[in-house]
Amino acid sequence: MKKVYITTAIDYANGKPHIGHAYEKILADTISRMFRLQNLDVQFMTGLDEHGLKVSQSAAKAGVSEQTHCDNIAEDFKKLCKKLNIKYDRYIRTTEDEHKQVVRDCLQKLYDGGQIYKASYSGLYSKTAERFVLEKDKIDGKWPSDYGEVIEISETNYFFRLREHQQWLIDYIESHPKFIFPDFRAKQVLEFLKDPINDLCISRPKNRLTWGIELPFDSEYVTYVWFDALINYITGANYLDKTFTNYWPADFHIIGKDILVPAHAIYWPIMLYALGIELPTTLLVHGWWLISGEKMSKSAGNIVNPLECVEKFGVDAFRYYLMREMTIGQDSDFSFDRFMTRYTSDLANDLGNLVSRLLNMGHRYCDGIIGKVIKTDVAEDNLQKLWQSAIPEIISLYNEFAFHLALEKLFLCIKAVNAYVEDRSPWKLAKSNVEGHKQLINTTIAISAECVRLAAVLLSPVMPTTSQQILSFLGCPATTNWNADAKFGNLLAGSKLREQVILFPKIVEA
RNA sequence: CGCAGGGUAGAGCAGUCUGGUAGCUUGUCAGGCUCAUAACCUGAAGGUCGUUGGUUCAAAUCCAACCCCUGCACCCA
């Protein structure tokens, strides 16, 4: 009865949504949908990380309260999800009462168990940047100008014991090859763990920062934002409730490579271990989108607004591009040129045009009704065999998160339908009076329609709306179950075809 | 320095884990077709798979060494 529990990282409430946020959500959504189509009960959660210094600073800059600031950002991100057709089951915010309670509960448990201790330390502190800095931050022996005055201060804080669990963590990662995907990321973590790790400072004194969750055992401090943020995963699984085991352990934490080390591969497993909670099954680590070869970052200011693309080309085209171009784990380059090429050649010319010509032929030669497959020959057999062998391969590629390969394969099959239609040339058959040609036309249309139906069914996780549209053109309901729908059959006989439709109009000017 | 990733037709990428005729898209050239979104189909040209060595009957793939590019302060998926 346990659900498949899938999470994205929660977005930090500091700045606007960009392509990276969009990608992670689309990836998680695609995975969720693909599991649902295989009859799994999915719980998909995303959300917002709202505490910490940066949020406090952004709010001050905008001249609003922290909570108002977060409410606004939450709206932005929820809008993004809606635009991208992200079907999450829960949207968590770290300012929710339930979450605060879970964080305090965990802190108290760790404190009682001796996993948290108080210590003082001193270091160099930048008053302007409001954080500790290191000697190595100096450029040419001088502090960067935006650090302002740098002074030595000493501070007392609470620390969470990481180091004593280091060997346990190494053993755990080595004995659980599925824990970090793809494999090379695990290697990276193990490299990191070759050096001793420091205990984690999990508090901030209120004289520096008040925007956080107060420590349950010391009201002079708030909780460090990462400690707070990571706990969202168990809050979202109803940690305080009996139903916790319906969700936990999480099956997939979907995260970017930047927050693997140390947050998700070091802090989080040790936190859970120290709390006596089972670890998530898999950290699914994706790469970054570069923008025309350059690293995308807030500071560089080259943020591609995903919403712009969506409005111009449609959400499914955008989802298709991201899933088709990215090899999970690697970085990938986003360029409008390539987006246009994918849009035009894959979506408009191959898929869209196939749908368009099929509908038109159906009306022109078969009165808009799909006939029965009566007469088949080598051409039909070959096409059918191609699809029959491709379907399980595509599904298993999906299950391995190799979406780029699944889509490549699927579009090769779509091309094969175009070639098959060319081979049969119903427009020629229609001109002749030869016995049996009418049947052959019916067969061609029926087989092609069946292939288009399958294409729509298999595209559903990536392009849910398009999938549903295509199916409705063929007189079918949306697919909800691959076991039933992802099979080559003759399910469409008697179905009424819709009038010709342009699914992906050519967009002349980029 | 170290660690990680990448280096495959003009361009952009996959394939490398699990060795066996080098694949996809785009671009170019030549044909075909006209149902269709100036779309579709067929064929051709184009690669010493970064370099050198090793293992093997067989290496893009495994091993070793080296070269080049990228990332590794904060922020950021």
Side-chain angles (χ1 to χ4, degrees), chain A residues 8-12 14-15 17-28 54 126 129 131 133-134 136-139 144 146-147 182-185 187-192 194-195 254-261 285-290 293-300 303 324-327 329-333 335 337-338 340-342 344-365 402 404-405 407-409 411-412 415-430 441 444-445 448 500-507:
Chain A
T8 66
I10 50 175
D11 304 308
Y12 198 46
N14 174 40
H18 56 64
I19 185 173
H21 300 115
Y23 170 68
E24 187 171 295
K25 289 178 199 325
I26 289 169
L27 176 61
K54 295 281 170 193
S126 156
R131 60 185 178 88
V133 298
L134 297 168
K136 64 170 178 168
D137 294 334
K138 280 187 179 172
I139 299 166
D146 57 335
Y147 279 21
D183 297 342
F184 73 85
R185 294 289 175 202
K187 242 175 21 183
Q188 216 173 346
V189 174
L190 289 169
E191 283 299 329
F192 183 87
K194 278 182 180 167
D195 292 327
I254 298 170
I255 58 170
K257 65 177 186 178
D258 53 313
I259 53 172
L260 176 65
V261 179
V285 187
H286 62 77
W288 271 356
W289 282 94
L290 309 176
E294 289 188 25
K295 188 184 170 186
M296 187 215 52
S297 69
K298 285 177 180 173
S299 47
I303 299 169
R324 176 65 184 82
E325 290 281 303
M326 176 74 93
T327 303
Q330 306 288 353
D331 290 348
S332 223
D333 196 31
S335 86
D337 280 358
R338 234 164 306 138
M340 282 303 294
T341 303
R342 284 276 173 226
T344 305
S345 79
D346 294 3
L347 298 181
N349 294 350
D350 287 346
L351 177 62
N353 183 52
L354 175 61
V355 170
S356 162
R357 69 197 298 211
L358 173 69
L359 296 179
N360 192 59
M361 285 188 293
H363 280 277
R364 205 179 265 243
Y365 308 128
H404 61 301
L405 297 180
L407 292 171
E408 181 181 357
K409 185 146 213 105
F411 273 79
L412 285 176
K415 275 178 169 292
V417 182
N418 272 322
Y420 163 72
V421 170
E422 205 66 29
D423 187 19
R424 279 292 178 234
S425 299
W427 49 91
K428 283 183 189 162
L429 297 174
I441 292 174
T444 304
I445 300 303
S448 305
Q500 190 190 353
V501 166
I502 304 292
L503 265 178
F504 299 100
K506 289 275 176 71
I507 293 170

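So you know, we letter chains A, B, ... as the sequences are listed, proteins then strands, and number each from 1.
Taking atom CD on Glu408(A) and atom P on rU26(B), their separation rounds to 12 Å, with Å as the unit. Following rounding to the nearest Å, Lys25(A) (NZ) and rA77(B) (P) show an atom-to-atom distance of 9 Å. A straight line from CG of Asn418(A) to P of rU34(B) spans 16 Å, rounded to a whole angstrom. The CG-P distance, from Leu347(A) to rU25(B), rounds to 14 Å in whole Å. As rounded to whole Å, 16 Å separates atom P of rA38(B) from atom CZ of Phe504(A). For Gln500(A) and rC40(B), the CD to P distance is 15 Å, given to the nearest whole Å. Note: CG (Leu358(A)) to P (rU37(B)) measures 13 Å, nearest angstrom. To the nearest angstrom, P of rU26(B) lies 12 Å from CD of Glu325(A).
With a cut-off of 3.5 Å on both pairing distances, rA60(B) has no Watson-Crick or G-U wobble partner at all. When both pairing distances are held under 3.5 Å, rC40(B) makes a Watson-Crick or G-U pair with rG32(B). Shown here, rA14(B) forms no base pair; nothing in the strands shown gives a Watson-Crick or G-U wobble contact with both key distances under 3.5 Å. The base-pairing partner of rC66(B), taking Watson-Crick or G-U wobble contacts with both distances under 3.5 Å, is rG50(B). Here rU55(B) sits opposite no nucleotide as a Watson-Crick or G-U wobble pair (both hydrogen-bonding atom distances under 3.5 Å). The partner of rA73(B), taking Watson-Crick or G-U wobble pairs whose two distances both stay under 3.5 Å, does not exist in any strand shown.
Which of rG12(B), rA36(B), rC76(B) sits closest to the side chain of Tyr12(A) comes down to rC76(B). The Leu405(A) side chain lies nearest to rG15(B) when the options are rG5(B), rU37(B), rG15(B). Counting only heavy atoms from C-beta on, His21(A) has its side chain closest to rC76(B) among rC76(B), rC35(B), rC3(B). Side-chain proximity of Ala419(A) to the nucleotides rU42(B), rC33(B), rA4(B) is greatest for rU42(B). Nearest to the side chain of His18(A), among rU25(B), rG6(B), rC76(B), sits rC76(B). The side chain of His286(A) lies closest to rA77(B) when the candidates are rU25(B), rU37(B), rA77(B). Residue Arg324(A) places its side chain closer to rC24(B) than to any other of rG15(B), rG5(B), rC24(B). Nearest to the side-chain atoms of His404(A) among the listed nucleotides rC76(B), rU26(B), rA14(B) stands rA14(B). Closest approach to the Met361(A) side chain among rU37(B), rA77(B), rC35(B) is made by rC35(B) (side chain taken as heavy atoms from C-beta onward). Listed nucleotides rC35(B), rC41(B), rU37(B) differ in distance to Arg364(A); the shortest reach to its side chain belongs to rC35(B).
Nucleic acid contact for Leu412(A): sugar-phosphate only, since backbone atoms but no base atoms lie under 4.0 Å from a heavy atom of the residue. Residue Ser356(A) is classed as a base contact, given a heavy-atom separation below 4.0 Å to a base. The residue Phe192(A) sits apart from the nucleic acid: no heavy atom pair falls under 4.0 Å. Note on Thr327(A): only backbone sugar-phosphate atoms sit closer than 4.0 angstrom, heavy atoms only; bases stay farther off. Across all strands shown, Ile259(A) has heavy atoms under 4.0 Å from sugar-phosphate atoms exclusively, and none from any base. Note on Gly329(A): nothing from the nucleic acid sits closer than 4.0 angstrom, heavy atoms only.
Between Pro426(A) and Met361(A), the shortest heavy-atom contact is CG-SD, 3.9 Å. Leu359(A) approaches Val501(A) most closely through the heavy-atom pair CD1-N, 3.9 Å.
Comparing Phe184(A) and Leu351(A) by the nucleotide of RNA chain B that holds the closest heavy atom to each, the one mapping nearer the 5' end is Phe184(A). Across the interface with RNA chain B, nearest-nucleotide mapping of Ile255(A) and Asn349(A) shows Asn349(A) to be the residue nearer the 5′ end.
Applying the side-chain contact (heavy atoms from CB on, under 4.5 Å) test between Tyr365(A) and each of Leu429(A), Thr444(A), Ile441(A) identifies Ile441(A) as the sole match.
Comparing the P positions of rC49(B) and rA59(B) gives a spacing of 12 Å, expressed to the nearest Å. Comparing the C1' positions of rG23(B) and rG32(B) gives an interatomic distance of 25 Å, to the nearest angstrom. A gap of 34 Å separates the C1' atoms of rC33(B) and rG15(B), to the nearest Å. For the P atoms, the distance from rU25(B) to rG5(B) is 29 Å, rounded to whole Å. With C1' as the reference atom, rG46(B) and rA30(B) are 15 Å apart, rounded to whole Å. Nucleotides rC74(B) and rG7(B) have their P atoms positioned 28 Å apart, rounded to a whole Å. With P as the reference atom, rU18(B) and rC62(B) are 9 Å apart, rounded to whole Å. With both ends at atom C1', the span from rG54(B) to rG19(B) equals 15 Å, rounded to whole Å.
Using modelled atom types, no side-chain atom of Asp331(A) and backbone atom of Trp289(A) make a donor-acceptor pair closer than 3.5 Å. Judged by distance alone, with hydrogens and angles left aside, the side-chain atoms of Ser356(A) form no donor-acceptor pair with the main-chain N or O of Gly352(A) at under 3.5 Å.
For rA39(B), the OP1/OP2 oxygens have a side-chain nitrogen or oxygen of Lys506(A) closer than 4.0 Å. One finds a side-chain N or O of Lys415(A) lying less than 4.0 angstrom from the OP1 or OP2 phosphate oxygen of rU25(B). Residue Lys257(A) places none of its side-chain N or O atoms closer than 4.0 Å to OP1 or OP2 of rA4(B).
For Lys409(A), the NZ atom sits in a loose shell: 12 or fewer heavy atoms of surrounding residues, nucleotides or ligands are nearer than 6.0 Å.
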*For Trp427(A) and Val421(A), run side-chain contact (heavy atoms from CB on, under 4.5 Å): C-alpha distance rounded to whole Å, both residues' side-chain angles, the deciding distance at 0.1 Å, then the answer.*
CA-CA 10 Å; Trp427(A) 49 91; Val421(A) 170; 3.8 Å; yes
*I would like to know whether Leu260(A) and Val189(A) meet side-chain contact (heavy atoms from CB on, under 4.5 Å); could you show each step before the answer?*
CA-CA 8 Å; Leu260(A) 176 65; Val189(A) 174; 3.7 Å; yes
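Scanning atom types as modelled, one donor and one acceptor separated by under 3.5 angstrom connect the side chain of Glu422(A) and the base of rG32(B). Between the side chain of Asn353(A) and the base of rA39(B), no donor-acceptor pair under 3.5 Å is found.
Side-chain contact of Glu325(A) with His404(A): a donor-acceptor pair under 3.5 Å is absent, judged by distance alone.
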